[in-house]
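First up is the structure itself, then whatever we jot down about it.
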Amino acid sequence: MSTEVHPTLEAALRTTPLVDHHVHGALRGATDRAGFELMLTESDWPAPPGTTHLDSQLGFAIRRWCAPLLGLEPHASAESYLAARDALGPSEVTRRLLTASGIGDYLVETGHKGEAILGVAEMAEVSGQAAHEVVRLESVLEDVARGGATATELPGRFRAVLAERTAAAVGVKSIIAYRHGFDFDPDRPTDDETVRAAGAWLRNAEATGTYRVSDPVLLRFALWTGVDRGLPIQLHAGYGDADVELHRCDPLLLTRFIKNVQPHGVDLLLLHCYPYQRGAGYLAQIFPHVYFDVGLGVNYTGARSDALIAESLELAPFSKVLFSSDAWGPPELHYLGALLWRRGMRRALGRWVDDGDWHPDEAARVVRLTGRDNARRVYGLTEAR
């Protein structure tokens, strides 16, 4: 295939302001090399002695694509890149990378280490674009417990607080895949079951000072309360950090829960999905309320992300596929998520246009659908400015 693509497709890729439908804030302050490297892996562990996490698809992509925005040549050394980063300072690095990303809306999930990253309003300010909140269900439940709710009070208090916290939100998110796995009982727990589970949880929390919720009954309660709230529900699936047991994060394990949710008219958005993206595509084809992305996998597969992006377009209707970066911390992840997605779409769709399988106008329309319009429809966002 030639390196050039049809002008109609190229125009769509260059001018469509993307909706990053699942993202976290950029890093608030400076970090040293060790801290930076740990934000470039889903592992909890530093690289083995004598090695570096920058020797990875993501590390190479940063030095290739982000270096020019910091005033360096492509493929700058790790030492030169980190020195330029330090010289510019975190605020300027974040400003350069976010404003260059071509992202028009950030749907910011605020539940993970929020003190270390920019909040919703700060993301809007530094990027000059719109930002909207997605609320993590488990974080709200933990906050309610810390606030002194008894086991008997917890179901009602959680429902009330969730309604307050999501009054201006565009969606909610569950990390039941992290805390338990998708092999959970798909039925709604009763309040009696929830109160019993809450009693054990709160007694343990009082003894240990730790309010991390992992009881499957409480996780199901939070998830079903999210269904009742009526907002789109994001569900982490597949690849993630060392907390997950990956074989239990296959979205196909959600099939019965998906069927149970369908009568409620609530959309479910499967996030990341790697290496289960083909199963996610199947679910998105079969069920009218299921959507998916391959967000986290795009950055971490770097030069191989083209294949992952193409696979996301195999089975599901193009109205069911969304863009996300799942960036957290280094703004390189926000910028690269958009750049690599556009490059993967350019290569996949460009080849199909060159081969005569697709009309260039249809290819451009799919870029707009998956990059922007599907998210605007699902989350009820206003029209682009």
Side-chain angles (χ1 to χ4, degrees), residues 1-21 57-58 60-61 64-65 74-75 101-104 237-239 251-252 269-288 290-326 335-378 384:
M1 186 186 78
S2 67
T3 57
E4 296 184 358
V5 299
H6 193 282
T8 300
L9 173 56
E10 185 62 32
L13 288 162
R14 289 188 179 277
T15 64
T16 301
L18 302 180
V19 175
D20 193 341
H21 93 105
Q57 286 282 7
L58 176 55
F60 280 23
R64 164 62 182 93
W65 298 107
H75 310 296
S101 70
I103 293 172
Y239 174 57
L252 291 175
L269 297 108
L270 307 174
L271 307 175
H272 323 316
C273 301
Y274 180 85
Y276 304 116
Q277 61 271 10
R278 284 176 160 144
Y282 159 79
L283 293 170
Q285 182 192 72
I286 295 299
F287 297 105
V290 175
Y291 298 77
F292 82 109
D293 69 57
V294 289
L296 183 63
V298 172
N299 273 335
Y300 281 94
T301 54
R304 281 289 294 162
S305 59
D306 299 350
L308 176 59
I309 292 163
E311 287 177 4
S312 75
L313 300 171
E314 287 179 350
L315 193 61
F318 306 128
S319 59
K320 308 299 286 299
V321 184
L322 284 75
F323 160 74
S324 85
S325 67
D326 189 37
Y335 175 71
L336 276 178
L339 182 144
L340 292 174
W341 182 85
R342 285 193 182 92
R343 190 188 70 167
M345 293 290 283
R346 179 180 289 111
R347 291 182 174 177
L349 276 58
R351 181 171 64 249
W352 300 335
V353 169
D354 283 352
D355 290 345
D357 293 317
W358 283 33
H359 190 282
D361 290 348
E362 297 283 27
R365 189 168 64 86
V366 169
V367 168
R368 292 189 292 269
L369 281 174
T370 56
R372 180 192 65 192
D373 295 346
N374 292 339
R376 288 192 172 278
R377 184 182 73 254
V378 172

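We're numbering straight along the sequence, starting at 1.
- Atom CG of Leu9 is separated from atom CZ of Arg14 by 10.5 Å, given to the nearest 0.5 angstrom.
- Here the straight-line distance linking atom CZ of Phe318 with atom CG of Leu369 works out to 9.5 Å at 0.5 Å rounding.
- The shortest distance between side-chain heavy atoms of Leu336 and Trp65 falls below 4.5 Å.
- Inter-residue side-chain proximity for Arg343 and Asp306 is flagged as met; some heavy-atom pair is nearer than 4.5 Å.
- The side-chain heavy atoms of Tyr282 and Leu315, taken from C-beta on, include a pair separated by under 4.5 Å.
- Between the NE2 atom in His6 and the NE2 atom in His359 there is a gap of 7.0 Å [rounded to 0.5 Å].
- The shortest side-chain heavy-atom distance between Val353 and Val5 does not fall under the 4.5 Å cut-off.
- A donor-acceptor contact shorter than 3.5 Å links the side chain of Arg342 to the backbone of Gly102.
- Remark: Lys320 NZ to Thr370 OG1 distance equals 14.0 Å, nearest 0.5 Å.
- For the atom pair OG of Ser305 and CH2 of Trp341, the computed distance is 12.0 Å after rounding to the nearest 0.5 Å.
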Leu271 and His21: side chain to side chain contact (heavy atoms under 4.5 Å, CB included), yes or no, with the steps?
CA-CA 10 Å; Leu271 307 175; His21 93 105; 3.6 Å; yes
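- Side-chain contact between Tyr291 and Leu270 is absent, with no heavy-atom pair separated by less than 4.5 Å.
- Within 6.0 Å of atom OH in Tyr300, more than 12 heavy atoms from other residues, nucleotides or ligands are found, so the atom counts as buried in its surroundings.
- Not one N or O on the side chain of Thr16 forms a donor-acceptor pair closer than 3.5 Å with the backbone of Leu13.
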List the steps and the verdict of side chain to side chain contact (heavy atoms under 4.5 Å, CB included) for Glu10 and Arg346.
CA-CA 7 Å; Glu10 185 62 32; Arg346 179 180 289 111; 2.9 Å; yes
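- Taking each heavy atom of Leu252 and Gly279 in turn, the nearest pair found is CD2-O, 3.8 Å.
- Residues Leu349 and Trp358 have side chains in contact (heavy-atom distance under 4.5 Å, counting atoms from C-beta outward).
- Minimum heavy-atom separation, Gln57 to Ala303: OE1-N, 3.0 Å.
- The nearest pair of heavy atoms linking Val19 to Ala375 is CG1-CB, 3.6 Å.
- Side-chain contact check for Phe323 versus Val298: every heavy-atom pair is 4.5 Å or farther apart.
- Of all the heavy atoms in Ser312 and Val321, the pair that sits closest is O-CG2, 3.7 Å.
- Pro317 and Ala284 make their closest contact through CD-O, 4.0 Å (heavy atoms, listed as atom of the first residue, atom of the second, distance).
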Which is it for Val366 and Met345 under the side chain to side chain contact (heavy atoms under 4.5 Å, CB included) test, yes or no, and what are the steps along the way?
CA-CA 9 Å; Val366 169; Met345 293 290 283; 4.3 Å; yes
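- The two residues Phe292 and Ala316 make their nearest non-hydrogen contact at CE2-CB, 3.6 Å.
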Evaluation steps, side chain to side chain contact (heavy atoms under 4.5 Å, CB included), between Leu313 and Trp352
CA-CA 12 Å; Leu313 300 171; Trp352 300 335; 4.0 Å; yes
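- Atom CG of Asp20 sits about 4.5 Å away from atom CD1 of Ile103, to the nearest 0.5 Å.
- With Asn374 as the fixed residue, the side chain to side chain donor-acceptor pair (under 3.5 Å) test singles out one of Arg377, Arg376, Arg372: Arg377.
- Residue Leu269 forms a side-chain contact (heavy atoms from CB on, under 4.5 Å) with just one option from Asp293, Val378, Val290, and that option is Val378.
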